[in-house]
Participant: 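There's a structure below that I have some questions on.
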Amino acid sequence: MMASWSYLNALIEQDLAFDPEREMAQTIEASAAKFRTSFSSLKSEIGKVIVGHEGVVQDVLICLFAGGHVLLEGVPGLGKTMLVSTLSQTLHLRFSRIQFTPDLMPADIIGTNVVVENERGQKFVEFQKGPLFANIILADEINRATPKTQSALLEAMQERSVTVGGVRHDLEAPFFVLATQNPIEMEGTYPLPEAQLDRFFFKLKIQYPKMGEAMEILRRTTQREMPQAGHVLDAQGVRELSLILRDIPVATHVQEYALKVLYGTHPTSPHATEMTKRFVKYGASPRGAQAMVLAGKALAILDNRFNVSEHDIRQAALPSLRHRIILNFEGEAEGMDTDAIINDVIRHIQAGKQ
Amino acid sequence: MDAVSTVTSTVRRAATRVAVAASVKHSTQALLLGLGASCIVAAVARFLLQTLPPLSVLLALLLVLPAAIAVWFLTSRPPRGRVAKLVDDRLGLRDRLSSALEFAAAPSKSEAMLAQLADAAQWSASADLRAAFPITLPREAKFVLLGAALLAALVALPLRSGRDAIVGANGPSVGRGQADEVKRLSEEHLDLANKLNSDDLRRLAQQLADIAEKLRSGLLDRKQALAMLSQLMSEAERTAPSAARDKLAQQLKALAAALSRSEATRDIAKSLEKGNLSKAAADLKSLSERLSQLSKSQQEDVAKTLSQASSSAAQRQEGTSEARSESERSQSLIRDLADRISQAERDRALGRFQRDLEMAKHAIAMGSRQKESGKMPGKGWGKGGFKAGFGASNAPQGEASRVEGKTMSERAKGAQGAGPTVEEETLRAQRDDTKSARPYREVYAQYQKQMEEALEREDIPLGYRYRVKRYFEAIKPKE
């Protein structure tokens with residue numbers, strides 16, 4: 001009898017102590033902690049192979065969890081391909097590398113219907129999947145392929161499915177494309193059209209490693225054993241973490257801030273700066289604002305916050321917007337960098353807040 | 001306290017600090033403005049109007065605007081969202097509070113919102129609002145201190161600006177120049193009393209000198225000075241009633257009329273008519289000296305005229321000197337008339353003393369308003385008034401007149417309209433040179449003579465005579 005009474009009391013106390021809001025908060029806190037842990041592990045594993053480029057690695061991972069695609073730009077030999085292949089090692093995902101060449105056809109990357117014969121001699125058409133059917137795609141030197149092939153890839157990036165012979169084939173999630181392109185204009189390249197550049201979540205610039213980093217690269221790559229990155233996450237893990245990211249709320253004034261930055265790149269907008277009016281033909285599309293906010297969410301979680309701040313937006317502005325701004329003739333002639341325009345817009349907004 | 005309460009409480013406290021800081025800053029600036037305006041008002045009152053600055057005006061200038069600004073800032077708090085953003089920015093909270101404030105108002109809160117609120121509450125509980133919103137005196141505070149010191153000096157220091165002002169014991173002060181003027185008046189009347197051998201005038205002038213000394217020493221304020229001057233005026237009136245003076249003036253007129261009948265006494269009559277009693281007395285003395293040199297008939301004529309004059313002035317001498325000779329009788333009558341003229345001079349001096357007292361009283365009563373009204377001569381704005389002033393000045397006769405010497409009058413002919421009419425007008429034209437047609441010395445001598453005659457002839461108060469003489473001294477041609 002006494003035991004029953006004690007058990008009942010314990011139940012009542014437990015019930016009184018239960019705070020549903022706190023419980024909910026603890027759940028999301030645990031998820032956020034998991035996000036941070038996984039993120040940190042991924043960076044750490046990639047760091048075993050890739051020396052330096054911490055910012056690029058972080059941005060690539062943010063893109064991965066935000067569900068976007070990355071355009072990596074850098075001169076040859078800076079480890080772009082190595083970065084992507086290392087990322088695929090850390091994620092237990094299917095990885096494809098497509099080397100874009102001028103003679104690469106859409107069917108070469110999407111796949112094609114082929115006539116096959118079974119054991120009984122019957123012939124039928126079967127869809128042979130191309131390298132696009134993977135979780136992580138490395139589109140190496142994307143600007144070397146013809147626009148037709150580029151369009152096939154970019155359409156798949158947008159729709160996350162391909163259609164061959166009237167049959168739609170969905171691409172398995174996560175579907176993450178990392179395209180690289182060489183900034184040096186060379187003969188036989190086909191620069192990506194502006195509308196297709198807009199499909200990339202981030203455009204990341206890979207810089208030369210610093211002297212210390214180069215020394216470490218030399219050390220790691222000239223010994224017998226090459227460093228290997230371990231598995232951290234699988235497809236399911238990536239999908240779960242992507243969902244957490246989207247749960248982070250954004251306050252109205254932060255959204256307004258992101259839109260101010262966005263419209264600051266529009267030459268006809270009242271938020272436009274003098275530099276924008278002078279050098280920009282078309283400003284960034286709303287996808288740019290989406291990218292800034294989504295990336296801001298990831299940055300907020302990484303900073304142990306559940307709110308996106310204006311600082312996060314500023315941090316995400318350059319990779320989100322730099323490939324979405326189309327310069328006018330004067331901007332091209334002056335060799336204007338879109339990063340300078342974005343920084344000018346941010347400075348202008350900050351000065352207006354003083 | 002739950003998360004929402006913690007966040008809103010922090011924002012409220014921050015809003016209070018923001019309001020107080022803004023209130024302190026802006027009211028200090030307003031105070032500085034008020035101090036500047038007060039200093040200007042005080043300086044104008046002290047140096048131009050020579051009076052103590054009106055405290056009510058100064059207080060209003062000082063306090064009204066800062067108080068209004070302080071109240072406005074304290075009552076109109078900034079929006080909470082803006083304050084929360086300020087806290088975020090100043091404490092580097094990365095929009096935690098501003099976002100939490102918005103999420104707290106959301107009708108349904110997601111898990112992430114609740115987690116964010118808990119996070120924001122944790123941060124806001126440890127937020128150092130004192131460091132984020134320090135309530136300190138603005139930079140203008142030191143200028144406020146300087147301004148306050150200046151204003152205090154302008155208000156508190158005695159109203160003594162060089163030689164221009166003295167302070168009374170209990171009230172508004174009397175100007176130093178006014179005291180000097182009273183002193184000068186008393187000295188002039190003392191001289192006159194000695195000259196005329198008038199004990200009454202000497203006594204009254206001495207009392208006036210005592211009042212002047214007290215004024216110069218600051219022992220009397222304006223009210224007391226006016227009371228003493230009124231008392232002195234009453235005494236002067238008792239000594240020489242104005243009715244008696246009028247009667248004496250009538251007698252002198254009758255005397256002049258009587259004396260004008262004889263050739264020998266006509267000059268005396270003229271002097272009396274002009275009011276030049278001194279000259280009349282001198283002429284009488286001269287007549288007395290040359291009486292014996294006159295012919296018999298002339299002596300009879302003089303004796304008759306003097307007798308009539310004496311009887312017209314008073315009836316007491318009739319028949320008293322029947323037994324004497326014509327010459328003796330005339331000498332007796334001359335002495336009698338000389339006595340009367342001397343008495344008239346003394347009475348006139350007493351009358352002038354009363355008028356001068358009246359003016360002195362008026363000038364002191366006017367005080368600083370003298371300059372403001374512009375009706376009193378003296379220094380500054382008082383130039384050109386209708387009464388003599390009592391103010392110390394480096395240029396008591398006022399600024400020198402500016403003569404536009406390069407002009408001349410010239411007649412010009414011309415037609416007006418289309419008709420045959422020819423008009424002729426006198427225009428001010430440019431002169432070829434600035435030299436006067438008549439020598440200045442000659443003109444001056446002529447005017448100076450006229451001035452002296454007028455001063456002698458007319459019953460002009462001492463104050464006026466002094467001014468006129470000073471003026472002529474000022475414009476005297478150089479030797």
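Note that the coordinates shown come from a computational prediction; the quantities given were computed from them, not determined experimentally. Below, each value reflects all heavy atoms present in this structure, side chains not excepted, and no hydrogens, waters or symmetry copies. Residue numbers start from 1 in every chain, and the chains themselves are labelled A, B, ... in the order their sequence lines are given, proteins ahead of strands.
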Participant: So which part of V250(A) gets closer than 4.5 Å to some heavy atom of chain B, the side chain, the backbone, both or neither?
Facilitator: backbone
Participant: Check S309(A) against D95(B) and note the closest heavy-atom contact, atom names and distance.
Facilitator: CA-OD2, 3.1 Å
Participant: Rounded to the nearest 0.5 Å, what separates atom CG in N307(A) from atom CD in Q116(B)?
Facilitator: 4.0 Å
Participant: Would you indicate whether R287(A), at its atom CZ, is surrounded by more than 12 heavy atoms from other residues, nucleotides or ligands within a distance under 6.0 Å?
Facilitator: yes
Participant: Enter the distance from N304(A):CG to R94(B):CZ here, rounded to the nearest 0.5 Å.
Facilitator: 12.5 Å
Participant: Quick check on R82(B): does its CZ atom have over 12 non-hydrogen neighbours (other residues, nucleotides or ligands) under 6.0 Å away?
Facilitator: no
Participant: Between atom CZ of R96(B) and atom CZ of F306(A), what is the distance when rounded to the nearest 0.5 Å?
Facilitator: 10.0 Å
Participant: Look at atom NZ of K277(A) and say whether more than 12 heavy atoms of other residues, nucleotides or ligands are closer to it than 6.0 Å.
Facilitator: yes
Participant: Other residues, nucleotides and ligands only: do more than 12 of their heavy atoms fall within 6.0 Å of NE2 on H271(A)?
Facilitator: yes
Participant: Looking at K25(B), I'd like to know if its NZ atom is crowded, meaning that more than 12 non-hydrogen atoms belonging to other residues, nucleotides or ligands lie closer than 6.0 Å.
Facilitator: no
Participant: Out of I244(A), T252(A), D247(A), which one racks up the most heavy-atom pairs below 4.5 Å with chain B?
Facilitator: T252(A)
Participant: For chain A, which residues from residues 31-40 of chain B lie under 4.5 Å away (heavy-atom distances)?
Facilitator: none
Participant: Output yes when K85(B) and E310(A) qualify as a salt bridge under the 4.0 Å nitrogen-oxygen rule, no when they do not.
Facilitator: yes
Participant: S99(B) versus H253(A): any side-chain heavy-atom pair under 4.5 Å?
Facilitator: yes
Participant: Rounded to the nearest 0.5 Å, how far apart are CZ of R305(A) and CG of L93(B)?
Facilitator: 10.0 Å
